[in-house]
There are 2 protein chains.
Amino acid sequence: MPDTLRQFKANIFQALAHPTRIAIVEVLRDGELPAGTIIERLGLEQANASQHFSILRAKQIVSSRKEGNQVFYSVRDPLLIEVLDIMRRYFQAHVEEAMSVLQQIDLLDKDGAAK
Amino acid sequence: MPDTLRQFKANIFQALAHPTRIAIVEVLRDGELPAGTIIERLGLEQANASQHFSILRAKQIVSSRKEGNQVFYSVRDPLLIEVLDIMRRYFQAHVEEAMSVLQQIDLLDKDGAAK
DNA sequence: TTAGTATATTAGATATTGCGAATATACTAA
DNA sequence: TTAGTATATTCGCAATATCTAATATACTAA
């Protein structure tokens, strides 16, 4: 109820409000990985990935550990994985709607680009 | 794993990535309410609230029902409430960190404003 | 030292978001 | 019809977010 709590939640949600960052968290589901491996598995641009890492670090979603030349990332709290799992259930329960939502967004994108 | 799913999750998170929208979802926890009541309880600007409603509708977070003069909103799926509850647990498990994160953001804001 | 590898940061262009003020729409009551 | 109430939409602007390209930093190996 206090506004601080909502601010906090909003912050976490914002940190997760990007497909790439969700992908990063998901790929870390089974334990830590070096940045390079994450980048490779997800097929990301190095600089772009690093920016997303930075956001996830700032919002305390992941922690990082330096070992020699590389940086290992891991998810700080498995509760977040739980959240993502609930979202999957949510998705399964609303597939058709979900599709139409994404499609509409896609159409809007194309309209926007076409103008 | 498919990118569509991540897009979908990111969309939901984005919809919730604002304290006001979280507040709206929370105030609807026990059932539907007319827009006016939500606005009153949360002390929102009418236009601003309506914009947030619009976003929550577009992302299928809430559904709306018109009755006479007013519009009743409700949360579409209680799973989302569950997500918010998990976030509360997450918050409790990380209070000090959370505080420092919010504080840092606050400081940045002030620095930004001061320049 | 120098070269190479892994990662982070900065800069700048573009897109998106959030807000308040004003206006529009839909309904109700007289 | 007119006036009033409830809600939604539009506009303009400031703030944020995202991306790519370029550069910087930290470490390792020779």
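Proteins get letters first, then strands, A, B, ... in listed order; numbering begins at 1 in each. What you see is a predicted model; the values in this text were computed from it and never measured.
For A:R41, the CZ atom counts as loosely surrounded, since its 6.0 Å shell holds 12 or fewer non-hydrogen atoms of other residues, nucleotides or ligands.
Regarding contacts with the backbone of C:dT17, a side-chain N or O of B:Q14 is found under 4.0 angstrom from either OP1 or OP2. For B:Y73 and D:dA8, the shortest distance from a side-chain N or O to OP1 or OP2 is below 4.0 Å. Between B:H18 and C:dC19 there is a side-chain N or O to OP1 or OP2 distance below 4.0 Å. Neither OP1 nor OP2 of D:dA17 sits under 4.0 Å from any side-chain N or O of A:H52. Distances shown here put a side-chain N or O of B:N48 below 4.0 Å from the OP1 or OP2 atom of C:dG20. When the side-chain nitrogen and oxygen atoms of B:Q70 are compared with OP1 and OP2 of C:dT28, none of them lie within a distance under 4.0 Å.
Counting only distance, with no hydrogens or angles, the side chain of B:R21 and the backbone of B:A15 share a donor-acceptor pair below 3.5 Å.
The cluster map of Ile, Leu, Val, Met, Phe, Trp and Tyr, joined by side-chain heavy atoms under 4.5 Å apart, puts A:V75 and A:I55 in different clusters. Hydrophobic clustering places B:F91 together with A:L80 (ILVMFWY residues linked when any side-chain heavy atoms are closer than 4.5 Å, directly or through intermediates).
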>> For Watson-Crick and G-U wobble pairs within 3.5 Å on both distances, what is DNA chain D written in dot-bracket notation, | included for inter-strand pairing?
In response: ||||||||||||||||||||||||||||||
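If you take CD1 of B:I39 and P of D:dA6, they are 10 Å apart, rounded to a whole angstrom. We find that CD of A:E45 is positioned 16 Å from P of C:dA6, with the value rounded to whole Å. One interatomic measurement links the two molecules: CD of A:E40 to C1' of C:dA6, which rounds to 13 Å at whole-angstrom precision. Per the geometry, CZ belonging to A:F72 stands 12 Å off P belonging to C:dA6, to the nearest Å.
Nucleotides of DNA chain C nearest to A:P34 and B:K66 differ in position, and the one nearer the 5' end is that of A:P34. Summary of the strand contacts: B:Q51 and A:A17 both lie near DNA chain D, and taking for each the nucleotide with the nearest heavy atom, the more 5' one is attributed to B:Q51.
If you check D:dT9, C:dT9, C:dT7 against the side chain of A:A35, the one that comes closest is C:dT7. Checking D:dG4, C:dC19, C:dT9 against the side-chain heavy atoms of B:N69 singles out D:dG4 as nearest. Minimum atom distance to the side chain of B:V71 is reached by D:dT7, of the listed D:dT7, C:dG18, D:dT9.
The aromatic rings of B:Y73 and B:F53 sit parallel to each other, their planes meeting at less than 30°, with 60° as the upper class boundary.
Scanning atom types as modelled, no donor and acceptor separated by under 3.5 angstrom connect the side chain of B:Q46 and the base of C:dG20.
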> Does the pair B:V71 and B:S64 meet the rule for a side-chain contact (heavy atoms from CB on, under 4.5 Å), with working shown?
Replying inline: CA-CA 6 Å; B:V71 176; B:S64 61; 3.7 Å; yes
>> Quick one, B:F13 with A:M87, criterion side-chain contact (heavy atoms from CB on, under 4.5 Å). Give me CA distance, side-chain angles, the key distance, then yes/no.
In response: CA-CA 9 Å; B:F13 285 132; A:M87 294 305 287; 3.8 Å; yes
